[in-house]
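What follows is a single structure, written as C-alpha coordinates, with notes after it.
Remember, it's 1-based here, ligands and their atoms both numbered in the order they're listed. Side chains included, hydrogens not; waters and symmetry mates left out as well; all remaining heavy atoms used.
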Amino acid sequence: MRAYDLIKKKREGQALSDEECAFLIAGYTSGEVTDYQMSAFAMAVFFRGMQGDELSSFTKAMLHSGEIVDLSALKMPKIDKHSTGGVGDKISLPLAPAVAALGVPVPMVSGRGLGHTGGTLDKLESIPGFLVDLTTEDYKRLVKEVGCCLIGQTGEVAPADKKLYALRDVTATVDCIPLIASSIMSKKLAEGIDGLVLDVKFGSGAFMKKHEDAEILAKTMVDIGSRMGKRMVARLTNMEQPLGVMVGNALEVKESLDALEGKGPKDVVDLTVELGAEMVVLGGVAKDLDEGRTKMREVLGNGKAFEKFAEIVEAQKGDVKSLSDRTRLPQAKGRVEIKAKRAGYIHSIDTESVGIASMLLGGGRQRSADPIDPRVGIEIHARIGDQVKEGQTLFLMHSEDSGVDNAKARLENSIQFSDEKVAAPKLFSSRHSQEATS
Ligand code: URA
(Lines give C-alpha, C1' and ligand atoms only; values in the text may rest on other atoms or scores of the structure.)
Protein backbone atom coordinates (compact mmCIF):
# COMPACT_ATOMS: atom_id res chain seq x y z
CA MET A 1 0.00 0.00 0.00
CA ARG A 2 1.24 3.54 -0.73
CA ALA A 3 0.09 6.85 0.75
CA TYR A 4 0.21 8.30 -2.78
CA ASP A 5 -2.51 5.90 -3.98
CA LEU A 6 -4.73 6.62 -0.98
CA ILE A 7 -4.47 10.39 -1.52
CA LYS A 8 -5.38 9.87 -5.20
CA LYS A 9 -8.29 7.59 -4.27
CA LYS A 10 -9.70 10.22 -1.91
CA ARG A 11 -9.06 12.99 -4.43
CA GLU A 12 -11.23 11.04 -6.87
CA GLY A 13 -14.02 10.82 -4.32
CA GLN A 14 -13.73 7.14 -3.45
CA ALA A 15 -14.04 5.77 0.09
CA LEU A 16 -11.00 4.28 1.85
CA SER A 17 -11.32 0.84 3.43
CA ASP A 18 -10.67 -0.01 7.08
CA GLU A 19 -7.16 -1.31 6.23
CA GLU A 20 -6.37 1.76 4.15
CA CYS A 21 -7.37 4.14 6.97
CA ALA A 22 -5.32 2.10 9.45
CA PHE A 23 -2.29 2.17 7.10
CA LEU A 24 -2.50 5.93 6.54
CA ILE A 25 -2.93 6.88 10.20
CA ALA A 26 -0.35 4.41 11.55
CA GLY A 27 2.11 5.69 8.93
CA TYR A 28 1.37 9.29 9.80
CA THR A 29 1.83 8.64 13.53
CA SER A 30 5.19 6.92 12.96
CA GLY A 31 6.38 9.57 10.47
CA GLU A 32 6.47 7.28 7.40
CA VAL A 33 3.59 9.23 5.90
CA THR A 34 4.86 12.82 5.68
CA ASP A 35 3.16 16.06 6.68
CA TYR A 36 2.89 17.13 3.02
CA GLN A 37 1.16 13.85 2.10
CA MET A 38 -1.23 14.14 5.04
CA SER A 39 -2.04 17.76 4.22
CA ALA A 40 -2.88 16.74 0.64
CA PHE A 41 -5.10 14.00 2.07
CA ALA A 42 -6.83 16.43 4.47
CA MET A 43 -7.53 18.80 1.57
CA ALA A 44 -8.95 15.90 -0.46
CA VAL A 45 -11.27 15.12 2.49
CA PHE A 46 -12.21 18.80 2.67
CA PHE A 47 -13.45 18.70 -0.95
CA ARG A 48 -14.66 15.10 -1.22
CA GLY A 49 -15.99 14.48 2.30
CA MET A 50 -16.00 11.26 4.28
CA GLN A 51 -18.90 9.39 5.79
CA GLY A 52 -20.37 6.11 7.00
CA ASP A 53 -18.00 3.14 7.31
CA GLU A 54 -15.05 5.11 5.98
CA LEU A 55 -15.37 7.85 8.61
CA SER A 56 -15.75 5.37 11.45
CA SER A 57 -12.66 3.46 10.17
CA PHE A 58 -10.72 6.73 10.01
CA THR A 59 -11.82 7.64 13.57
CA LYS A 60 -11.00 4.14 14.81
CA ALA A 61 -7.51 4.40 13.30
CA MET A 62 -6.95 7.73 15.11
CA LEU A 63 -8.32 6.29 18.36
CA HIS A 64 -5.94 3.30 18.13
CA SER A 65 -2.94 5.56 17.54
CA GLY A 66 -2.80 6.11 21.32
CA GLU A 67 -3.84 4.90 24.75
CA ILE A 68 -7.42 3.69 25.27
CA VAL A 69 -8.54 3.45 28.89
CA ASP A 70 -10.19 0.17 29.83
CA LEU A 71 -12.98 0.71 32.36
CA SER A 72 -14.69 -2.61 31.60
CA ALA A 73 -14.03 -3.89 35.14
CA LEU A 74 -16.76 -1.45 36.21
CA LYS A 75 -19.88 -3.20 35.00
CA MET A 76 -22.34 -0.27 34.91
CA PRO A 77 -22.55 1.86 31.75
CA LYS A 78 -20.07 4.75 31.94
CA ILE A 79 -21.49 7.89 30.37
CA ASP A 80 -19.84 11.19 29.51
CA LYS A 81 -20.89 14.51 28.00
CA HIS A 82 -18.97 16.57 25.49
CA SER A 83 -19.73 20.15 24.55
CA THR A 84 -18.38 21.73 21.40
CA GLY A 85 -17.79 24.79 23.59
CA GLY A 86 -19.30 28.17 24.10
CA VAL A 87 -19.00 31.37 26.10
CA GLY A 88 -19.95 30.81 29.75
CA ASP A 89 -20.37 27.05 29.26
CA LYS A 90 -19.62 25.69 32.70
CA ILE A 91 -22.20 22.89 32.55
CA SER A 92 -19.73 20.03 33.16
CA LEU A 93 -19.18 21.30 36.72
CA PRO A 94 -22.74 20.85 38.00
CA LEU A 95 -23.63 18.08 35.53
CA ALA A 96 -20.96 15.45 36.19
CA PRO A 97 -21.47 15.30 40.00
CA ALA A 98 -25.26 15.39 39.68
CA VAL A 99 -25.27 12.43 37.29
CA ALA A 100 -22.72 10.57 39.43
CA ALA A 101 -24.92 11.23 42.49
CA LEU A 102 -27.67 9.35 40.64
CA GLY A 103 -25.42 6.29 40.33
CA VAL A 104 -24.11 6.66 36.76
CA PRO A 105 -20.28 6.64 36.59
CA VAL A 106 -18.99 9.71 34.75
CA PRO A 107 -15.40 9.47 33.48
CA MET A 108 -14.96 13.02 32.21
CA VAL A 109 -11.86 14.08 30.34
CA SER A 110 -11.93 17.77 29.50
CA GLY A 111 -9.79 20.37 27.80
CA ARG A 112 -8.44 23.86 28.37
CA GLY A 113 -9.78 27.09 26.97
CA LEU A 114 -8.50 28.64 23.78
CA GLY A 115 -9.60 31.90 22.15
CA HIS A 116 -13.12 33.00 23.07
CA THR A 117 -14.24 29.77 24.76
CA GLY A 118 -13.24 28.68 28.24
CA GLY A 119 -12.14 25.21 29.30
CA THR A 120 -13.40 23.01 32.14
CA LEU A 121 -9.86 22.29 33.38
CA ASP A 122 -9.06 25.99 33.79
CA LYS A 123 -12.31 26.52 35.70
CA LEU A 124 -11.63 23.58 38.03
CA GLU A 125 -8.08 24.79 38.67
CA SER A 126 -9.43 28.02 40.08
CA ILE A 127 -10.45 25.92 43.11
CA PRO A 128 -7.24 26.16 45.19
CA GLY A 129 -5.21 22.93 45.04
CA PHE A 130 -7.49 21.10 42.56
CA LEU A 131 -5.44 18.61 40.49
CA VAL A 132 -6.51 17.79 36.95
CA ASP A 133 -3.38 15.89 35.87
CA LEU A 134 -3.95 12.42 37.26
CA THR A 135 -2.53 9.08 36.14
CA THR A 136 -4.66 6.54 34.32
CA GLU A 137 -4.63 4.40 37.47
CA ASP A 138 -5.97 7.28 39.61
CA TYR A 139 -8.57 8.02 36.95
CA LYS A 140 -9.84 4.43 37.04
CA ARG A 141 -9.79 4.35 40.85
CA LEU A 142 -11.77 7.60 41.19
CA VAL A 143 -14.39 6.56 38.65
CA LYS A 144 -14.86 3.35 40.67
CA GLU A 145 -14.70 4.83 44.19
CA VAL A 146 -16.22 8.30 43.75
CA GLY A 147 -18.26 7.63 40.60
CA CYS A 148 -16.74 10.58 38.76
CA CYS A 149 -13.42 12.06 37.82
CA LEU A 150 -12.82 15.48 36.23
CA ILE A 151 -9.42 15.45 34.59
CA GLY A 152 -7.28 16.33 31.57
CA GLN A 153 -5.96 13.77 29.12
CA THR A 154 -4.02 10.92 30.69
CA GLY A 155 -1.10 9.46 28.73
CA GLU A 156 -0.96 9.84 24.97
CA VAL A 157 -4.55 9.97 23.76
CA ALA A 158 -4.96 9.92 19.96
CA PRO A 159 -1.47 11.25 19.05
CA ALA A 160 -2.46 11.05 15.36
CA ASP A 161 -5.17 13.64 16.05
CA LYS A 162 -2.71 15.91 17.84
CA LYS A 163 -0.42 15.89 14.77
CA LEU A 164 -3.24 16.15 12.28
CA TYR A 165 -4.97 19.00 14.14
CA ALA A 166 -1.73 21.05 14.10
CA LEU A 167 -1.38 20.34 10.39
CA ARG A 168 -5.01 21.29 9.66
CA ASP A 169 -4.48 24.52 11.54
CA VAL A 170 -1.87 25.67 8.99
CA THR A 171 -3.40 24.15 5.84
CA ALA A 172 -6.93 25.66 5.93
CA THR A 173 -8.57 22.31 6.75
CA VAL A 174 -9.89 22.92 10.29
CA ASP A 175 -13.43 23.80 9.18
CA CYS A 176 -14.18 20.40 7.70
CA ILE A 177 -16.98 18.46 9.42
CA PRO A 178 -15.66 14.88 8.94
CA LEU A 179 -12.24 15.94 10.22
CA ILE A 180 -13.75 17.80 13.20
CA ALA A 181 -16.06 14.88 14.04
CA SER A 182 -13.31 12.25 13.84
CA SER A 183 -10.97 14.48 15.86
CA ILE A 184 -13.46 14.97 18.71
CA MET A 185 -14.73 11.39 18.72
CA SER A 186 -11.26 9.76 18.65
CA LYS A 187 -10.46 11.56 21.92
CA LYS A 188 -13.81 10.89 23.62
CA LEU A 189 -13.81 7.19 22.70
CA ALA A 190 -10.41 6.79 24.38
CA GLU A 191 -12.01 7.46 27.81
CA GLY A 192 -13.50 3.99 28.16
CA ILE A 193 -17.13 5.15 27.91
CA ASP A 194 -20.26 3.21 26.91
CA GLY A 195 -22.36 6.21 25.96
CA LEU A 196 -21.93 9.89 25.17
CA VAL A 197 -24.20 12.93 25.24
CA LEU A 198 -23.07 15.68 22.90
CA ASP A 199 -24.00 19.31 23.44
CA VAL A 200 -23.46 20.78 19.98
CA LYS A 201 -23.64 24.55 20.11
CA PHE A 202 -24.55 27.01 17.40
CA GLY A 203 -24.66 30.80 17.27
CA SER A 204 -22.36 33.75 17.81
CA GLY A 205 -20.65 32.33 20.93
CA ALA A 206 -20.06 28.88 19.44
CA PHE A 207 -17.44 27.26 17.26
CA MET A 208 -20.15 26.49 14.64
CA LYS A 209 -22.00 29.71 13.95
CA LYS A 210 -24.67 28.23 11.68
CA HIS A 211 -27.40 25.91 12.91
CA GLU A 212 -27.24 23.76 9.75
CA ASP A 213 -23.49 23.14 10.19
CA ALA A 214 -23.98 22.26 13.86
CA GLU A 215 -26.74 19.84 12.86
CA ILE A 216 -24.52 18.04 10.32
CA LEU A 217 -21.69 17.87 12.88
CA ALA A 218 -24.07 16.45 15.52
CA LYS A 219 -25.45 13.76 13.18
CA THR A 220 -21.94 12.87 12.00
CA MET A 221 -20.63 12.39 15.55
CA VAL A 222 -23.70 10.40 16.60
CA ASP A 223 -23.21 8.13 13.59
CA ILE A 224 -19.49 7.59 14.30
CA GLY A 225 -20.15 6.76 17.98
CA SER A 226 -22.99 4.34 17.33
CA ARG A 227 -20.98 2.52 14.63
CA MET A 228 -18.31 2.10 17.28
CA GLY A 229 -20.69 0.49 19.74
CA LYS A 230 -21.64 3.52 21.87
CA ARG A 231 -25.07 4.81 22.83
CA MET A 232 -25.20 8.33 21.44
CA VAL A 233 -27.36 11.41 21.87
CA ALA A 234 -26.72 14.91 20.54
CA ARG A 235 -28.59 18.02 21.60
CA LEU A 236 -28.26 21.25 19.65
CA THR A 237 -28.25 24.26 21.96
CA ASN A 238 -28.27 27.98 21.34
CA MET A 239 -25.16 30.09 21.97
CA GLU A 240 -26.48 33.44 20.69
CA GLN A 241 -25.90 34.75 24.23
CA PRO A 242 -23.59 33.65 27.05
CA LEU A 243 -24.72 30.71 29.12
CA GLY A 244 -25.55 31.91 32.60
CA VAL A 245 -24.51 35.29 33.92
CA MET A 246 -20.81 34.66 34.62
CA VAL A 247 -17.92 34.36 32.19
CA GLY A 248 -14.46 33.75 33.65
CA ASN A 249 -12.93 30.90 35.59
CA ALA A 250 -13.53 31.45 39.33
CA LEU A 251 -16.75 33.33 38.53
CA GLU A 252 -18.05 30.31 36.64
CA VAL A 253 -17.10 28.01 39.53
CA LYS A 254 -19.25 30.21 41.82
CA GLU A 255 -22.16 30.04 39.39
CA SER A 256 -21.76 26.25 39.13
CA LEU A 257 -21.86 25.97 42.92
CA ASP A 258 -25.13 27.91 42.86
CA ALA A 259 -26.48 25.42 40.30
CA LEU A 260 -25.33 22.53 42.50
CA GLU A 261 -27.43 24.07 45.27
CA GLY A 262 -30.42 24.35 42.92
CA LYS A 263 -30.11 28.16 42.75
CA GLY A 264 -28.25 28.93 39.52
CA PRO A 265 -29.55 30.95 36.56
CA LYS A 266 -32.44 29.25 34.74
CA ASP A 267 -30.55 28.45 31.52
CA VAL A 268 -27.66 26.87 33.45
CA VAL A 269 -30.02 24.76 35.56
CA ASP A 270 -32.26 23.82 32.59
CA LEU A 271 -29.31 22.70 30.47
CA THR A 272 -27.79 20.75 33.37
CA VAL A 273 -31.12 19.02 33.95
CA GLU A 274 -31.69 18.22 30.27
CA LEU A 275 -28.21 16.86 29.52
CA GLY A 276 -28.25 15.00 32.84
CA ALA A 277 -31.62 13.44 31.97
CA GLU A 278 -30.11 12.18 28.70
CA MET A 279 -27.11 10.77 30.57
CA VAL A 280 -29.12 8.94 33.22
CA VAL A 281 -31.35 7.41 30.55
CA LEU A 282 -28.24 6.19 28.66
CA GLY A 283 -26.85 4.99 32.01
CA GLY A 284 -30.00 2.97 32.68
CA VAL A 285 -31.12 4.64 35.92
CA ALA A 286 -34.13 6.42 34.42
CA LYS A 287 -36.65 4.85 32.04
CA ASP A 288 -37.27 8.02 30.05
CA LEU A 289 -36.32 11.70 29.87
CA ASP A 290 -39.17 12.81 32.14
CA GLU A 291 -38.02 10.53 34.91
CA GLY A 292 -34.43 11.65 34.24
CA ARG A 293 -35.39 15.31 34.57
CA THR A 294 -37.23 14.69 37.83
CA LYS A 295 -34.24 12.84 39.27
CA MET A 296 -31.85 15.57 38.17
CA ARG A 297 -33.96 18.30 39.79
CA GLU A 298 -34.10 16.21 42.96
CA VAL A 299 -30.31 15.83 43.35
CA LEU A 300 -29.74 19.50 42.54
CA GLY A 301 -32.34 20.47 45.13
CA ASN A 302 -31.55 18.06 48.00
CA GLY A 303 -27.79 18.67 48.32
CA LYS A 304 -26.71 15.28 46.90
CA ALA A 305 -25.13 16.78 43.76
CA PHE A 306 -23.30 19.37 45.87
CA GLU A 307 -22.05 16.63 48.24
CA LYS A 308 -20.80 14.60 45.27
CA PHE A 309 -18.94 17.63 43.93
CA ALA A 310 -17.33 18.12 47.36
CA GLU A 311 -16.28 14.44 47.29
CA ILE A 312 -14.68 14.92 43.84
CA VAL A 313 -12.91 18.12 44.96
CA GLU A 314 -11.56 16.31 48.02
CA ALA A 315 -10.41 13.30 45.97
CA GLN A 316 -8.65 15.63 43.54
CA LYS A 317 -6.95 17.54 46.40
CA GLY A 318 -8.91 20.78 46.05
CA ASP A 319 -9.87 23.10 48.93
CA VAL A 320 -13.29 21.75 49.96
CA LYS A 321 -13.83 24.69 52.35
CA SER A 322 -13.84 27.06 49.36
CA LEU A 323 -17.09 25.49 48.17
CA SER A 324 -19.01 26.91 51.12
CA ASP A 325 -16.76 29.87 51.95
CA ARG A 326 -16.48 31.36 48.47
CA THR A 327 -14.19 34.17 49.64
CA ARG A 328 -11.50 31.46 49.48
CA LEU A 329 -11.89 31.35 45.68
CA PRO A 330 -9.75 33.75 43.62
CA GLN A 331 -11.26 37.24 43.33
CA ALA A 332 -10.24 40.20 41.18
CA LYS A 333 -9.72 43.63 42.76
CA GLY A 334 -11.24 45.86 40.08
CA ARG A 335 -14.83 46.38 38.97
CA VAL A 336 -15.75 48.30 35.81
CA GLU A 337 -19.33 48.80 34.69
CA ILE A 338 -20.39 48.97 31.04
CA LYS A 339 -23.62 50.96 30.76
CA ALA A 340 -26.29 51.15 28.05
CA LYS A 341 -25.75 54.16 25.79
CA ARG A 342 -29.43 54.22 24.91
CA ALA A 343 -32.77 52.80 26.01
CA GLY A 344 -34.38 49.93 24.11
CA TYR A 345 -34.65 46.18 23.85
CA ILE A 346 -31.53 44.01 23.63
CA HIS A 347 -31.69 42.73 20.05
CA SER A 348 -28.48 40.68 19.89
CA ILE A 349 -25.23 40.06 21.72
CA ASP A 350 -22.00 39.37 19.88
CA THR A 351 -21.23 36.54 22.26
CA GLU A 352 -17.84 35.76 20.76
CA SER A 353 -16.81 39.32 21.68
CA VAL A 354 -17.86 38.72 25.28
CA GLY A 355 -15.59 35.65 25.33
CA ILE A 356 -12.77 37.65 23.75
CA ALA A 357 -13.26 40.43 26.33
CA SER A 358 -12.82 37.88 29.12
CA MET A 359 -9.69 36.57 27.36
CA LEU A 360 -8.31 40.13 27.07
CA LEU A 361 -8.74 40.61 30.82
CA GLY A 362 -6.53 37.54 31.26
CA GLY A 363 -9.26 34.92 31.72
CA GLY A 364 -8.41 33.05 28.50
CA ARG A 365 -5.56 32.29 26.15
CA GLN A 366 -4.63 33.54 22.71
CA ARG A 367 -2.01 30.77 22.36
CA SER A 368 -2.15 27.38 24.04
CA ALA A 369 0.95 28.09 26.21
CA ASP A 370 -0.39 31.41 27.63
CA PRO A 371 -1.06 31.55 31.41
CA ILE A 372 -4.53 32.51 32.60
CA ASP A 373 -5.79 34.60 35.51
CA PRO A 374 -8.58 32.73 37.35
CA ARG A 375 -9.81 35.90 39.11
CA VAL A 376 -11.03 37.95 36.17
CA GLY A 377 -14.15 37.80 34.03
CA ILE A 378 -17.47 39.38 33.21
CA GLU A 379 -20.90 39.44 34.84
CA ILE A 380 -23.68 39.64 32.28
CA HIS A 381 -26.52 41.92 33.35
CA ALA A 382 -28.53 41.95 30.11
CA ARG A 383 -30.06 39.16 28.03
CA ILE A 384 -31.60 39.18 24.57
CA GLY A 385 -35.17 40.49 24.83
CA ASP A 386 -34.59 42.54 28.01
CA GLN A 387 -35.81 46.11 28.00
CA VAL A 388 -33.12 48.45 29.35
CA LYS A 389 -32.95 52.12 30.29
CA GLU A 390 -30.16 54.46 29.21
CA GLY A 391 -27.33 54.21 31.74
CA GLN A 392 -28.38 50.78 33.01
CA THR A 393 -25.51 48.35 33.66
CA LEU A 394 -25.09 45.79 30.87
CA PHE A 395 -21.84 44.17 32.00
CA LEU A 396 -19.67 44.27 35.10
CA MET A 397 -16.02 43.47 34.48
CA HIS A 398 -13.98 41.83 37.25
CA SER A 399 -10.52 43.00 36.33
CA GLU A 400 -6.91 43.18 37.35
CA ASP A 401 -4.37 45.47 35.68
CA SER A 402 -4.27 44.26 32.11
CA GLY A 403 -6.58 44.41 29.12
CA VAL A 404 -9.25 46.63 30.72
CA ASP A 405 -9.56 49.26 27.95
CA ASN A 406 -9.61 46.72 25.13
CA ALA A 407 -12.09 44.49 26.92
CA LYS A 408 -14.33 47.48 27.67
CA ALA A 409 -14.33 48.53 24.00
CA ARG A 410 -15.25 44.98 22.95
CA LEU A 411 -18.16 44.85 25.38
CA GLU A 412 -19.43 48.32 24.47
CA ASN A 413 -19.68 47.24 20.84
CA SER A 414 -21.13 43.80 21.52
CA ILE A 415 -24.79 44.77 22.00
CA GLN A 416 -27.30 45.77 19.34
CA PHE A 417 -30.49 47.52 20.48
CA SER A 418 -33.96 47.56 18.98
CA ASP A 419 -36.98 49.79 19.54
CA GLU A 420 -39.28 46.83 19.00
CA LYS A 421 -39.83 43.99 21.44
CA VAL A 422 -37.47 41.07 20.81
CA ALA A 423 -38.19 37.44 21.66
CA ALA A 424 -35.59 35.66 23.79
CA PRO A 425 -33.90 32.83 21.84
CA LYS A 426 -34.91 29.27 22.72
CA LEU A 427 -32.10 27.38 24.42
CA PHE A 428 -32.95 23.96 22.97
CA SER A 429 -33.11 23.07 19.30
CA SER A 430 -33.05 19.61 17.70
CA ARG A 431 -32.16 16.23 19.21
CA HIS A 432 -30.44 13.28 17.51
CA SER A 433 -29.95 9.86 18.98
CA GLN A 434 -28.78 6.45 17.90
CA GLU A 435 -28.33 3.13 19.63
CA ALA A 436 -25.03 1.29 19.37
CA THR A 437 -24.92 -0.60 16.08
CA SER A 438 -21.84 -2.75 16.56
N1 URA B 1 -12.14 20.31 18.52
C2 URA B 1 -11.39 19.21 18.27
O3 URA B 1 -11.05 18.47 19.18
N4 URA B 1 -11.06 18.95 16.99
C5 URA B 1 -11.42 19.72 15.95
O6 URA B 1 -11.10 19.40 14.82
C7 URA B 1 -12.18 20.87 16.23
C8 URA B 1 -12.54 21.15 17.52
Counting only heavy atoms not in Gln51, do more than 12 sit closer than 6.0 Å to its CD atom?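 Count not over threshold, so no.
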
Is a side-chain N or O of Asp194 found less than 3.5 angstrom from the main chain of Lys78, in a donor-acceptor match?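 At least one qualifying donor-acceptor pair exists.
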
Tell me if a side-chain donor or acceptor on Asn413 pairs with a main-chain N or O of Ala409 at a distance below 3.5 Å.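 Side chain of Asn413 to backbone of Ala409: a pair is present.
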
I want to check something: taking the side chain as every heavy atom from C-beta on, are Ile372 and Arg365 in contact at a cut-off of under 4.5 Å?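 Ile372 vs Arg365: side chains touch.
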
Is a salt bridge present between Arg227 and Asp223, judged by a nitrogen-to-oxygen distance below 4.0 Å?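 Yes, charged N to carboxylate O under 4.0 Å.
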
Tell me which residues fall inside the under-4.0 Å heavy-atom shell around ligand 1.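 Lining ligand 1: Tyr165, Arg168, Ile180, Ser183, Ile184, Lys187, Phe207.
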
Name the one of Pro107, Pro105, Pro77 that satisfies side chain to side chain contact (heavy atoms under 4.5 Å, CB included) with Ile193?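 Answer after filtering Pro107, Pro105, Pro77: Pro107.
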
